[in-house]
J.: 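Below you will find the structure I want to go over with you.
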Amino acid sequence: MKTEWLRNTIKDFEPYFVAPIAEKHVINANENYFNVLSIPAVKQELIKALDTFKPQIYPKPMADGLRETLADYIGARPENIICGNGGDEMISYLLGTFMNPGDTLLVHSPTFDMYELGAETLGASTIKVRDLAGYRRDKEGLLDAVKKYQPKMTVICNPNNPTGDLLPASFIEEVLKAADNLVFVDEAYMEFAQKESVVSLITKYPNLVVLRTLSKAFGLAGMRCGYLVADEEIINAIGKIKAPYNLNSFTQLFAPIVLKHRDEILKVRDDIVKERNRLFDELVKIPGLTVYPSCTNFLLVQVENKHEEIFKALKAKDILVKIYRNSAELPEAYRISVTTKDVDDTLLEVFRKELS
Ligand SMILES: *Cc1c(COP(=O)(O)O)cnc(C)c1O
């Protein structure tokens, strides 16, 4: 391959690295430990539905049945929803629909990488507003930047990955009022916060786009299903670039079954939230360690020293966390997905021993 074949904007990118996994307890990607197929009714309904499943036929382009179920779940109209192969695909579609080369994307920082990567791929540039101390968002700084730059798109990840910080819906409404252009709110973890969703604001603000996913609270990361909620004109505009059959038939069959049993699945979410609070309370007590309050299913933790040693000691106990290496914004940090008490007890034991 000739290097000059590469699109100019991605020449310096590294392929997205996913660490090879040998550990038993993988808590580096905010996956849910719960398998929805362990609910007997979910499994039975899926098996029954497979009787009429036709893999030889193309899927419904707009996932009609699924978007009706999702509309019922979030309290929107099906016309305000577009589904795809995970939230990541929906981020690409959104940026691809609206970002020109030379446009600007405004983000708070640190946050999820995909916004910046996607924007830069398209030749757009990113303006970042650094968090305040303690990784809480700089609200005033964000509002000032919106007014000063009027970026094509302002991105707010709420609650934020990897810091866990939750902004009130009232602040997002201030951003919506200040912005002449699009405001994209990524609510991948909103089920864990259980408040401050701005989905209901789409009828009031035609510049608002909200992302949700079934990968986190619903435990369907491997199935791939994400969706955008916005004014119908934005949904239709995304149709300009969406691949016609982007969401496979199996996901369209299975996701509505899972959503039907959401009460049971969201009880697991409640357990994770309780366990997160317990883990937080225990981590806070460990000297030499800083943990940040989180409204998600993960905790951001920093240590004063032994960063690499603790990562290795956790691996020796079969636990894989997300480690941030050589990160100016997240020095000596890990992101820990919350699963079950036994895993967290082992994790706590390692931290206590290494930092004592
Ligand atoms: C996990 C995640 C997503 C989407 O994940 P998918 O599995 O692609 O649906 C989007 N935004 C953030 C911040 C995430 O952490």
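Counting starts at 1 for both ligands and their atoms, following the listed order. None of these values were measured; they are calculated from a predicted model.
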J.: Please check if atom CD in Q56 has more than 12 non-hydrogen atoms from other residues, nucleotides or ligands closer than 6.0 Å.
T.: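 Above 12, so yes.
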
J.: Surrounding NZ of K11 (heavy atoms of other residues, nucleotides or ligands, distance under 6.0 Å), is the total greater than 12?
T.: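 Yes.
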
J.: Taking R67 for its side chain and I81 for its backbone only, find out whether a donor-acceptor pair lies under 3.5 Å.
T.: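 Yes, the answer is positive, given that a donor and an acceptor are paired below the 3.5 Å cut-off.
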
J.: Does R224 approach ligand 1 within less than 4.0 angstrom via side chain, backbone, both or neither, non-hydrogen atoms only?
T.: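 It is the side chain that touches ligand 1; the backbone stays farther off.
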
J.: Quick one: does N161 get an N or O within less than 3.5 Å of an N or O on ligand 1?
T.: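 Yes; the residue has a nitrogen or oxygen that sits under 3.5 Å from a nitrogen or oxygen of the ligand.
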
J.: Evaluate the salt bridge (Lys or Arg N to Asp or Glu O under 4.0 Å) criterion for residues E45 and K48: first the C-alpha distance (whole Å), next the side-chain angles of each, then the deciding distance (0.1 Å), finally the verdict.
T.: CA-CA 5 Å; E45 281 172 45; K48 187 148 177 282; over 6 Å; no

J.: Output the list of atoms in ligand 1 that are nearer than 4.0 Å to some heavy atom of G86, sorted by atom number.
T.: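 Checking each atom against G86, I get 8 (O), 9 (O).
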
J.: So does V301 get a backbone contact from the side chain of R335, meaning a donor-acceptor N/O pair under 3.5 Å?
T.: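 Checked: no pair found.
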
J.: Check ligand 1 against K216 and write out every atom of the ligand that is under 4.0 Å from a heavy-atom position of the residue.
T.: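 It comes down to these atoms of ligand 1: 1 (C), 2 (C), 3 (C), 5 (O), 14 (C), 15 (O).
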
J.: Which of the numbered atoms in ligand 1 are below 4.0 angstrom from a heavy atom of T213?
T.: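 Listed by number with element, the hits are 6 (P), 9 (O).
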
J.: At a non-hydrogen distance cut-off of under 4.0 Å, which region of D186 contacts ligand 1 (side chain, backbone, both, or neither)?
T.: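 The side chain, only.
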
J.: Would you say V268 ends up clustered with V26 if hydrophobic residues are merged whenever their side chains have heavy atoms under 4.5 Å apart, either directly or through other cluster members?
T.: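 The answer is yes; both residues are in one hydrophobic cluster.
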
J.: Any chance CG of N326 has more than 12 other-residue heavy atoms, nucleotides or ligands included, within less than 6.0 Å?
T.: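 No.
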
J.: Would you say E4 has more than 12 foreign heavy atoms packed within less than 6.0 Å of its CD?
T.: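 Atom CD in E4 is packed in, count exceeds 12.
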
J.: Show me which atoms of ligand 1 lie under 4.0 Å from any heavy atom of C157.
T.: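 The atoms of ligand 1 under 4.0 Å from a heavy atom of C157 are 13 (C).
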
J.: Give the atom numbers and elements of ligand 1 that come within less than 4.0 Å of a heavy atom of S215.
T.: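 Reading through ligand 1 atom by atom, the close ones are 6 (P), 7 (O), 9 (O).
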
J.: Run the numbers for me: atoms of ligand 1, each under 4.0 Å from some heavy atom of F112, listed by number.
T.: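 Near F112, the atoms of ligand 1 are 2 (C), 3 (C), 10 (C), 11 (N), 12 (C), 13 (C), 14 (C), 15 (O).
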
J.: Tell me which protein heavy atom sits closest to atom 15 (O) of ligand 1, plus the residue, atom name and distance to 0.1 Å.
T.: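 Going by distance alone, atom 15 (O) of ligand 1 is nearest to Y189 OH, 2.6 Å.
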
J.: Backbone, side chain, both or neither: what part of A221 comes under 4.0 angstrom of ligand 1, heavy atoms only?
T.: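 Neither part.
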
J.: Which ligand 1 atoms, with their elements, are less than 4.0 angstrom from a heavy-atom of A188?
T.: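 In order of number, 2 (C), 3 (C), 10 (C), 11 (N), 12 (C), 14 (C).
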
